[in-house]
Number of protein chains: 2
Amino acid sequence: MLPELKIQPLRYVVAVVDEGGFHAAARRLHRSQPALSMAIKELEQRLGEPLFEKAGKSRLTPFGAYCVPRFRELLTQHDRLSRDIVSRVERRAGHVDIAAVPSVASRLMPALLADFAAAHPGLHISLHDGNADFVRELVSRGEVDLALTSLWQHDERLSFAPLMHDAVGVVCRDDHRLAGRETLNWQELQGERLIRNGTSRLLEGTEAAPLLEQSAFFISNMISLTAMLDAGIGVTTLPRLAFPEEHRHLCFIPLSEPRVEREIGLLQPARRSLSPAAQAMAELIFERLLKS
Amino acid sequence: MLPELKIQPLRYVVAVVDEGGFHAAARRLHRSQPALSMAIKELEQRLGEPLFEKAGKSRLTPFGAYCVPRFRELLTQHDRLSRDIVSRVERRAGHVDIAAVPSVASRLMPALLADFAAAHPGLHISLHDGNADFVRELVSRGEVDLALTSLWQHDERLSFAPLMHDAVGVVCRDDHRLAGRETLNWQELQGERLIRNGTSRLLEGTEAAPLLEQSAFFISNMISLTAMLDAGIGVTTLPRLAFPEEHRHLCFIPLSEPRVEREIGLLQPARRSLSPAAQAMAELIFERLLKS
DNA sequence: ATAAAATGGTAAGATAGTCTTATCATCAGG
DNA sequence: CCTGATGATAAGACTATCTTACCATTTTAT
């Protein structure tokens, strides 16, 4: 029905007009002159109307004069599209949505994002944080390209690449009787007032599980939790990364018996590939965090 | 440098997305399924990034999801251009600038324009009129595609196609002594007060040239001229077409000795082709006026 | 559970498109 | 008149694109 215009012959026509001749245009396009002659002739009979006068040298017909500006327009749009796509592929443009649990978001992401921004100045990043369940939701709903989190249950539709282990320990005030200990056995905590938090379920299914029974409080908010600890109301367990190192009066003692760890890794939708920008982020994450 | 995107593979990609599969798309495009597979694979490695997930059936990658709307956009623009150009070639759009001497403009053009408008409802027409010299100028300056006029001197840069002969005759009031005569010999006009007008130079170089000597008036404006004739101030010579047939008191007597004619024809720039719309007009003009 | 049908990918060969080299006809300027 | 431009043409090499035939995998239906 309507003729299919190929990009290249349009480029030839425009080049002939700009350079003022077939020879000059051919030189600029690194083609032979007959290549242009033939391609343009083919285009002309596809359109059913000549673009150049047969007499005179490469002067446009009125019809050609009508067409050339439109050809230019289409070429411009083509080139813009081509450039846009290439810049995506080359990671000079695009954006990444990434999610992380709060501990990772505050302890690991700042350095990662700084490195990423330096390596890919054109890429935009959005960082979402929330607890592990929320993060998992973001990933499985596709609202996020990637996540740094720990995975609770295996999900066929998500793929998880472990990156590091994060040991759980006891957190207490620095004047607590246990403060200063190198390691702790879970039994030494019996009788302590344990404040549970979002990460406490890491103890489930371990020898230390009975501790959860003796706990009267559950606090999900980190600020509230540290305030409680600061006030000496009790102790809690936290993975190392989640421990607020900068807090003046709190200390962290790793649990040695049993050793409890969470596994931090990169979570992404399985059987779906990443955008080039997200791929760049994933590569950076592996490069920085997989050394352990 | 930047990759050349061919239109067709983009169309394939969009069709696969729209039809939800390679087979369905191939069916719609009247191609075999491997044709799409290969073309799209080629496009993907030209871009350096897959558009479709290799697993799963024809699901887009995030990169593909980025590209497809832009592909659609370019295809839309391509198709619009293609349609525009075809409608020009097929004379469903465009415009013609045409010039004519006043006699032609008023006597021939109305019917021509009506026929043209009926045959090509999409084409716009501008009609310019003026004396033969002005019309020639419009054509040679390219301000007009075509002209219906008579040509005084040959010009290498203009091409003139004769269409009809327009006999010169004497115009006088219907109570004039010569009124009612079938033909006239120039000598019968001796002693008459001759009013010259823009067409009087047709007599130059003919036997009747001496008449020009006995003429005291020159009037270029047709309205003024007819008013003078109407007032019985004198007689004039005019080509038949320029004679105001509708005037109640004027009559036209052809000159038979000598026969003097002007040649009306189609004037256009030589060695320049016409726009499709102008070509359509030229064709109509030949069809309607070349019968004589 | 197994057979049937549909998915897309791959290979080989035919066809069509596009390029290059070599050559030609025409025209402008010295 | 000749030289050096112009663009057009012809023949052949090369490349792109399509089709047929086939494969592996997944989905659907029995």
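Numbered from 1 within each chain, the chains take letters A, B, ... in sequence-line order.
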Between [N] and [X], is there an OP1 or OP2 to side-chain N/O distance shorter than 4.0 Å?
X	N	answer
B:Tyr12	C:dG8	no
A:Lys6	C:dG17	no
A:Lys41	D:dT9	yes
A:Ser58	D:dG7	yes
A:Ser37	D:dA8	yes

Could you list the donor-acceptor pairs under 3.5 angstrom formed by side chains in residues 20-36 of chain B, with sequence neighbours left out?
| from | atom 1 | to | atom 2 | distance (Å) |
| --- | --- | --- | --- | --- |
| B:Arg28 | NE | B:Glu19 | OE2 | 2.7 |
| B:Arg31 | NH1 | B:Tyr12 | OH | 3.3 |
| B:Gln33 | NE2 | B:Ser37 | OG | 2.9 |

Rounded off to whole Å, could you give me the [atom1]-to-[atom2] distance for the [X] and [N] pair?
X	N	atom1	atom2	result
A:Glu42	D:dG7	CD	P	20 Å
B:Met38	D:dC18	CE	P	7 Å
A:Glu44	D:dA8	CD	C1'	12 Å
A:Phe52	D:dG7	CZ	C1'	11 Å
B:His23	D:dT20	NE2	P	14 Å
B:Gln8	D:dC18	CD	C1'	10 Å
A:Phe22	C:dT26	CZ	P	18 Å
B:Leu43	C:dG9	CG	C1'	17 Å

For the pair [X] and [Y], find out whether any cationic side-chain nitrogen is under 4.0 Å from an anionic carboxylate oxygen.
X	Y	result
B:Arg11	A:Glu4	yes
B:Glu90	B:Arg83	no
B:Arg271	B:Glu156	yes

Nucleotide nearest A:Arg31 when distance is taken to its side chain, options D:dC18, C:dC19, C:dG9: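 Nucleotide nearest to A:Arg31's side chain: C:dC19.
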Which nucleotide wins on minimum distance to the side chain of A:Pro34, given the candidates D:dT19, C:dT18, D:dA8?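 Nearest to the side-chain atoms of A:Pro34, counting from C-beta on, is D:dA8.
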Describe the nucleic acid contact of A:Gln33 in one word from base, sugar-phosphate, nothing, applying a heavy-atom distance below 4.0 Å.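 Base: the residue A:Gln33, judged by heavy atoms under 4.0 Å, touches a nucleobase.
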Cation over ring face, B:Arg136 and B:Trp152, 6.0 Å, 45°: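 Geometry flag: not set, cation outside 6.0 Å or 45°.
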